[in-house]
Amino acid sequence: MNKSKDFLRRIVEEDLKTGKYQEIITRFPPEPNGFPHIGHAKSISINFGIARDYNGHCNLRMDDTNPTTEDTQYVEALKDAVHWLGFEWDKKVHFTSDYFHQLYDYAVELIKIGKAYVDSLNEDEIREYRGTVTTIGKRSKYAKRSVEENLDLFERMKKGEFEDGAHVLRAKIDMSASNMKMRDPLLYRIRHAHHFRAGDEWSVYPMYDFAHCLSDYIEGVTHSICTLEFENNRVIYDWVLDTLKLKPPRPYQYEFARLNINYTVMSKRKLLELVEKKIVSGWDDPRMPTIAGYKRRGYTPESILNFCEQIGIAKANSMVDVSQLEFCIRDDLNQKVPRVMCVVNPLKVTITNYEDLEEIDAPYYPHDVPKEGSRKLPFSKEIYIDRDDFAENPPTGYFRLTPEQPVRLKYAYILTCKEMIKDTNGDIIEIQAEYHPDSKSGSDTSGIKVKSAIQWVEANSAKKVELRLYDRLFKDEAPQGKEDINPNSLKIIKGALIEPAVITDKPDVRFQFEREGYFYADPVDYKDAVPVFNKIVALKDSWSKKKKPSKKLANAQTKKIQIDGEATPMDADEQARFDKYKNELKLNNEVANILARDKTLSSFYEEALSTLNSPLNIANIVVNEVARELKQKEISELKFSAKQIARLVKMIDDETISTKIAKGVFEEMSKSGENPTKIVQAKGLVQISDPTKILPVINEIIAKNPDNVQKFKEGNGKLLGFFVGQVLKKTGGKANPKVVNELVKKQLE
RNA sequence: UGGGGAUUCGCCAAGCGGUAAGGCAUCACGUUUUGGUCGUGACAUUCACAGGUUCGAAUCCUGUAUCCCCAUCCA
C-alpha cells in the first residue's frame, strides 16, 4: 500500500538486501532529564516502527552519562511513554551506565594506541585553544604526554584523586579540523557527583560522543537514528568505532529532522521553565506537548502514532500545523466514542404545553458508526439548552432556535419559542416554548421542517459537571517565550449540565459531547461528586468559520525578489583558459567558465582533447559527468582515464551511440573502469536509428495507450515525453531519441 | 566568516532523466435529527533563483540566494 518509503527504511532495506546486517537493531536513547514530548513520540515511532517492520528489535536505552541533570522520575516517564504508545522494548531497559566499565576499558585502549590523552588545561583554556569556526585551534602541550603517563593519570582520575575540572581525557584527532567537533573532543570529565544508578562508584563520566557510539556497538545496534543537530557528530561516531578497530558489524548513524509543531514549544528547557514557573500545572498539564500532557488531555496513542506516520520522515527542518494533529485525534475518536449531550452554557426552557415525564431511548452512536448501545434520556417540561442555540436577532444563515424558527431537540420533539423572559438588564434568562406532540423523533408526523437539531438536558435529572476547555498554550505560531503565552489557554466551566447516564452508567471515559467536541473524564481530578471533563478537541466547525470574515487576504503576487551575489573574478590563468575555450574552441560561456575555473577539470579536458578533436562533446561530458565523479573522489581515484572519455565521445560523434546511452556507459565506466567500446559491444548498445525498426514499436505503444493519445490530441504536449520514454524503455534505451521524437510526433498527428 | 545540512502548494511530504503522488488546511456541492462524519469536485503549466547539458530536467552540471546546525568539561 504505502508505496513510498522514507529514506531511513530505504537504507534499512538496502542493508538487509546486501547482507550488511542479518537483523535490524535500533534503539531509542533518551537522556532521562526531562519528560518525553511528542517529538520523542516521533523518534519512538521511527525506531520501534522500523524494528517492527523489519522483524528486528529496538532497545530502550537511557543515555545517563551526566549525573548532575538526570533522575529516576524521568526514567519512569520515558518507560510509560513507550508503553503507552504500544511498544515493547527488547528484554530489559538498557542504561549507558551499565557500560561504564566497558567504556572505561575502551578509553584505556584508545590511550594505549596513542589516540587519547589526558589534558590538564582549564575550561577557559580549552575553549580558547579550540579556536573558532574560522580560525584553527592549537593543541594543548599536554597532548605530548606519554602513554604511561596518560594511563596513570586517567586511572587516578577514575579513583577520584583530582578535583572536578582538573583534567579531562581527550581524543587526539585534529585541532585544525574545519569541523569543530573534531578538534580533540573531550571523552571523559571528572565529576564527583552521585549518579542515580551507579551511585558513587565513579569520579569520571564519559561524554556523549564517546559513550553513544560505543553503547550502540555494545548492544549490536545496526542503525543509530538521531536528529539533525548530530550531523556534525557523525564523524566522531565513525572515528571512535574505526580507530578502536572493533569487530564488525558496527552501527552507522543517520539523521532526520526533529518534529516542530506550531503554537507550542518543544525544547526541554522551555518545557521545564513552564513547569517550574507554574505557568502550567505540571508535566502532565493537558496543554503541554508532553506525552503525559496528551495522555491527560485524552488523546489516544493511536492518534499520536497515526500523526507520526502522517507527517513523514525527512531531513528538512519543518513546522507541522497543529491542525494535522487535531485531525488525527478527531479521526480516531469519531469511530470510537459514544455521543452524549452536555449543555455548556445552560439556558432554561419551560415547555408550557408539556406536563408529562418520559424517558426517551437514544443511541450512543450515530448511523455512520457501526457500534451498538443506547441510554435513556429523561424528558420533562423543564429543560436546558445552550445559550448559543437561541438567538433573538439571528444572523443570516442561523439554523437554530429563534422567536420565528423552530428547532428539534435531538432525539425528542420539535420546539417553538413563544416567549422570552428577560432580567432587568435585558438579558434572556428563560424561554417559554411549546413542543409539537406529533413530532417525536422516529415517529414524526408533524410535517414541520427544522434546520437543525440541538442538544439539551432535562432540568431535574441533569448533573452538574466541571469542564476544562483548553486552547493552544501560545498565541504565537513560533513562540519564543513566556511573553507569547495565550492568556486564554484554559477556561474552566463550573456550571455545565450533562445528561445523567454519563455519570451513572459511565459507558466510557471519552465522549463526544454532541455539537461541542470530544471530552475525557479527567483521570486525576474526576470525582463522582464533581465530575471533571477535559476538552480533547473541538468538533470541526464550519459555521463559526463562515461567520468570521476571511482572515487571510490574498497575498497577491509577492514574488520574492532574489538578489544574486557576484561571482568572484577570474585570475589571469583562468581568464586565459576561458578566452581560449571561448574563442578558439567555441565552447559556450557556461562550459568555458566552469572549465576555466577548475584546474583539475581543465587539464582532464585538455588531455582528452589531445586524443580526439571534438571540443564540444568532450567539454560537455567533462563538465557534466566527470565533474560529478570528482565531487566524491580525487582525480587519482577515478577508474576511467581521459583517453577512455575521448573514446566514448568518439562513439557519440560517430552516432554509434546516443548521448543517453553514453551516460549509461559512463556510469558503467566509472564503476568498473571498463573500456567504453567494450561496454557498448558487450551490451549491444548500438543505437537504432532506422525508422522501419522503430515505427512498429511506436505504433504498439500508441495502440496500448488510447487514453494518453486522446489527452495528447487535446493539447497535453507533455505526453510526448511519455511516448518517447515508453519507446526508449521498450528498446532498452537503444532507439535513437531524436528519431523517436520526430516519428512519435508524426504518428500522433 | 570555515565546515556540515536543507529548499517541491498555506502546512507536511512523495518523486532518483520520460504525464508534478498523497495527507492536513481551504473552497464548492451532495447526504445527514451533530453546521460532525461520509461522498463528489476544485486547489503547483511548475519544483528557491539564474544559466548549462539533453529529443526531454524537480531530478544531472555550474553559480547564486535563503534558512538550520557546530566554537558546553550538555545530549
Side-chain angles (χ1 to χ4, degrees), chain A residues 3-4 29 31 33 63 65-66 69 123 126-127 130-137 164-165 168 177-181 183 186 188-191 207-208 212 228-234 255 257 262 310-312 314-321 323-324 327 330 334-335 339 366-369 397 399 408 410-411 441 444 450-455 512 514-516 539-544 546 552 560 562-567 588-591 593-594 597 620-621 623-625 627-628 658-660 663 708 711 716 718-726 728-729 736-742:
Chain A
K3 51 183 179 217
S4 54
E31 183 190 8
N33 69 344
D63 206 0
T65 57
N66 186 355
T69 57
E123 210 172 325
I126 286 179
R127 205 191 317 281
R130 189 149 37 217
T132 69
V133 287
T134 47
T135 59
I136 63 170
D164 282 10
V168 290
S178 46
N179 179 348
M180 299 289 294
K181 300 270 172 180
R183 321 249 258 227
L186 274 60
Y188 270 88
R189 75 284 214 189
I190 300 172
R191 269 296 117 87
M207 305 289 291
Y208 167 85
H212 202 93
L228 250 28
E229 66 268 28
F230 291 100
E231 277 173 326
N232 293 322
N233 300 60
R234 188 173 59 231
E255 311 87 15
N262 56 11
Q310 275 192 18
I311 57 172
K315 293 191 74 151
N317 290 315
S318 60
M319 170 116 72
V320 177
D321 200 317
S323 66
Q324 186 109 9
F327 169 84
R330 284 193 199 105
N334 177 46
Q335 287 295 316
R339 313 298 136 116
H367 62 96
D368 47 10
V369 173
F399 290 173
R408 174 174 293 282
K410 186 138 194 188
Y411 308 117
S441 185
D444 183 359
V450 290
K451 291 212 173 83
S452 73
I454 61 171
Q455 75 274 26
Q512 184 195 104
E514 295 216 43
R515 305 208 305 134
E516 288 290 345
L539 250 32
K540 204 173 139 190
D541 182 0
S542 39
W543 162 242
S544 62
K546 200 176 280 181
K552 61 172 176 202
K560 53 193 163 189
Q562 177 163 311
I563 300 120
D564 280 7
E566 235 157 273
N588 72 32
N589 259 335
E590 180 73 14
V591 173
N593 188 32
I594 296 166
R597 284 170 185 274
N620 281 340
I621 211 154
V623 165
N624 289 298
E625 313 296 322
R628 179 175 55 246
S658 63
T659 48
K660 189 187 179 84
K663 289 194 186 190
N708 282 340
K711 278 193 217 158
N716 191 345
K718 281 176 296 190
L719 263 345
L720 185 65
F722 164 77
F723 287 108
V724 176
Q726 291 294 308
L728 253 47
K729 200 172 167 189
N736 181 330
K738 274 186 204 163
V739 177
V740 174
N741 215 309
E742 278 164 31

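So you know, we letter chains A, B, ... as the sequences are listed, proteins then strands, and number each from 1.
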Are any non-hydrogen side-chain atoms of [X] and [Y] less than 4.5 angstrom apart?
{"X": "A/Y208", "Y": "A/E31", "value": "no"}
{"X": "A/I126", "Y": "A/R183", "value": "no"}
{"X": "A/V168", "Y": "A/M207", "value": "no"}

Mind checking if [X] touches a base, just sugar-phosphate, or nothing, with heavy atoms under 4.0 Å?
{"X": "A/D368", "value": "base"}
{"X": "A/K451", "value": "nothing"}
{"X": "A/K540", "value": "sugar-phosphate"}
{"X": "A/L719", "value": "base"}
{"X": "A/Y188", "value": "nothing"}
{"X": "A/F230", "value": "base"}
{"X": "A/V623", "value": "sugar-phosphate"}
{"X": "A/R515", "value": "base"}
{"X": "A/G397", "value": "base"}
{"X": "A/N708", "value": "base"}
{"X": "A/E514", "value": "base"}
{"X": "A/R183", "value": "nothing"}
{"X": "A/Q512", "value": "base"}
{"X": "A/I621", "value": "nothing"}

Please measure how far the [atom1] atom in [N] lies from the corresponding atom in [M], and state the result in whole Å.
{"N": "B/rC16", "M": "B/rC27", "atom1": "C1'", "answer": "35 Å"}
{"N": "B/rU8", "M": "B/rA14", "atom1": "P", "answer": "11 Å"}
{"N": "B/rA75", "M": "B/rC12", "atom1": "C1'", "answer": "27 Å"}
{"N": "B/rG63", "M": "B/rG5", "atom1": "P", "answer": "16 Å"}
{"N": "B/rC70", "M": "B/rU64", "atom1": "C1'", "answer": "24 Å"}

Looking at B/rU1, I'd like to know if its phosphate oxygens (OP1 or OP2) sit under 4.0 Å from a side-chain N or O belonging to A/T132.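 It does not, given that no N or O in the side chain of A/T132 lies less than 4.0 Å from OP1 or OP2 of B/rU1.
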
B/rU62 phosphate, OP1 or OP2: any side-chain N/O from A/R597 under 4.0 angstrom?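 For A/R597, the contact criterion (side-chain N or O under 4.0 Å from OP1 or OP2 of B/rU62) is not met.
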
Measure from the ring centre of A/F399 to the centre of the six-membered ring in the base of B/rG35, then say whether that distance is under 5.5 Å and the planes meet at under 30°.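 Stacked: centres under 5.5 Å apart, planes under 30°.
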
Is the aromatic ring of A/Y208 within stacking range of B/rA75, meaning centres under 5.5 angstrom and planes under 30 degrees?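 A/Y208 vs B/rA75: stacking no.
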
Return the nearest nucleotide to the side chain of [X]; candidates are [options].
{"X": "A/S452", "options": "B/rG35, B/rA75, B/rG52", "result": "B/rG35"}
{"X": "A/E123", "options": "B/rU46, B/rC73, B/rG36", "result": "B/rC73"}
{"X": "A/T134", "options": "B/rU1, B/rA14, B/rA71", "result": "B/rU1"}
{"X": "A/N620", "options": "B/rU54, B/rG36, B/rU33", "result": "B/rU54"}
{"X": "A/R330", "options": "B/rU1, B/rU19, B/rA25", "result": "B/rA25"}
{"X": "A/S318", "options": "B/rA75, B/rC55, B/rC12", "result": "B/rC12"}
{"X": "A/S4", "options": "B/rA21, B/rC73, B/rU54", "result": "B/rA21"}
{"X": "A/M319", "options": "B/rU34, B/rC12, B/rA75", "result": "B/rC12"}
{"X": "A/N233", "options": "B/rU19, B/rU32, B/rA75", "result": "B/rA75"}
{"X": "A/R130", "options": "B/rA75, B/rC73, B/rC61", "result": "B/rC73"}

Polar side-chain contact [X]-[N] base: donor and acceptor under 3.5 Å:
{"X": "A/Q324", "N": "B/rG23", "result": "yes"}
{"X": "A/N624", "N": "B/rG52", "result": "yes"}
{"X": "A/N334", "N": "B/rU37", "result": "no"}
{"X": "A/K729", "N": "B/rG18", "result": "no"}
{"X": "A/E590", "N": "B/rG51", "result": "yes"}
{"X": "A/K718", "N": "B/rG56", "result": "no"}

Per-nucleotide protein contact along nucleotides 3-9 of chain B, 5' to 3', at a 4.0 Å heavy-atom cut-off (B base, S sugar-phosphate only, - neither), is BSSSS--

For [N], which nucleotide is its Watson-Crick or G-U wobble mate, given both distances must be under 3.5 Å?
{"N": "B/rC74", "answer": "none"}
{"N": "B/rU34", "answer": "none"}
{"N": "B/rA28", "answer": "B/rU40"}
{"N": "B/rA48", "answer": "B/rU64"}

At their closest point, which heavy atom of A/Q512 faces which heavy atom of A/L539, and how far apart are they?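 Heavy atoms only, the tightest pair is NE2-CD1, 3.7 Å.
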
On a heavy-atom basis, which atom in A/F399 and which in A/S452 lie closest, and how many Å separate them?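 Minimum heavy-atom separation between A/F399 and A/S452: O-OG, 3.2 Å.
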
With A/K410 via salt bridge (charged side-chain N to carboxylate O under 4.0 Å, His left out) - residues at least two apart: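 Applying salt bridge (charged side-chain N to carboxylate O under 4.0 Å, His left out) to A/K410 gives A/E514.
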
A/V369 or A/G165, whichever maps to the more 5' nucleotide of RNA chain B: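 Here A/V369 is the residue nearer the 5' end.
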
Along RNA chain B (nearest heavy atom to each residue), the more 5'-positioned of A/R408 and A/K181: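 It is A/R408 whose nearest nucleotide is closer to the 5' end.
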
Distance, nearest 0.5 Å, that separates [atom1] of [X] from [atom2] of [Y]:
{"X": "A/R130", "Y": "A/K181", "atom1": "CZ", "atom2": "NZ", "answer": "9.0 Å"}
{"X": "A/E255", "Y": "A/N232", "atom1": "CD", "atom2": "CG", "answer": "9.0 Å"}
{"X": "A/E590", "Y": "A/N620", "atom1": "CD", "atom2": "CG", "answer": "11.0 Å"}

For a side-chain contact (heavy atoms from CB on, under 4.5 Å) check, start with the C-alpha distance between A/H212 and A/N233, then their side-chain angles and the critical distance, and finish with the verdict. CA-CA 11 Å; A/H212 202 93; A/N233 300 60; over 6 Å; no

Going by a 90° cut-off around 0, is B/rU59 syn or anti?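 With its glycosidic angle more than 90° from zero, B/rU59 counts as anti.
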
Pairing of A/R628 and A/E625 as salt bridge, 4.0 angstrom limit: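 A salt bridge is present here (some side-chain N lies under 4.0 Å from a carboxylate O).
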
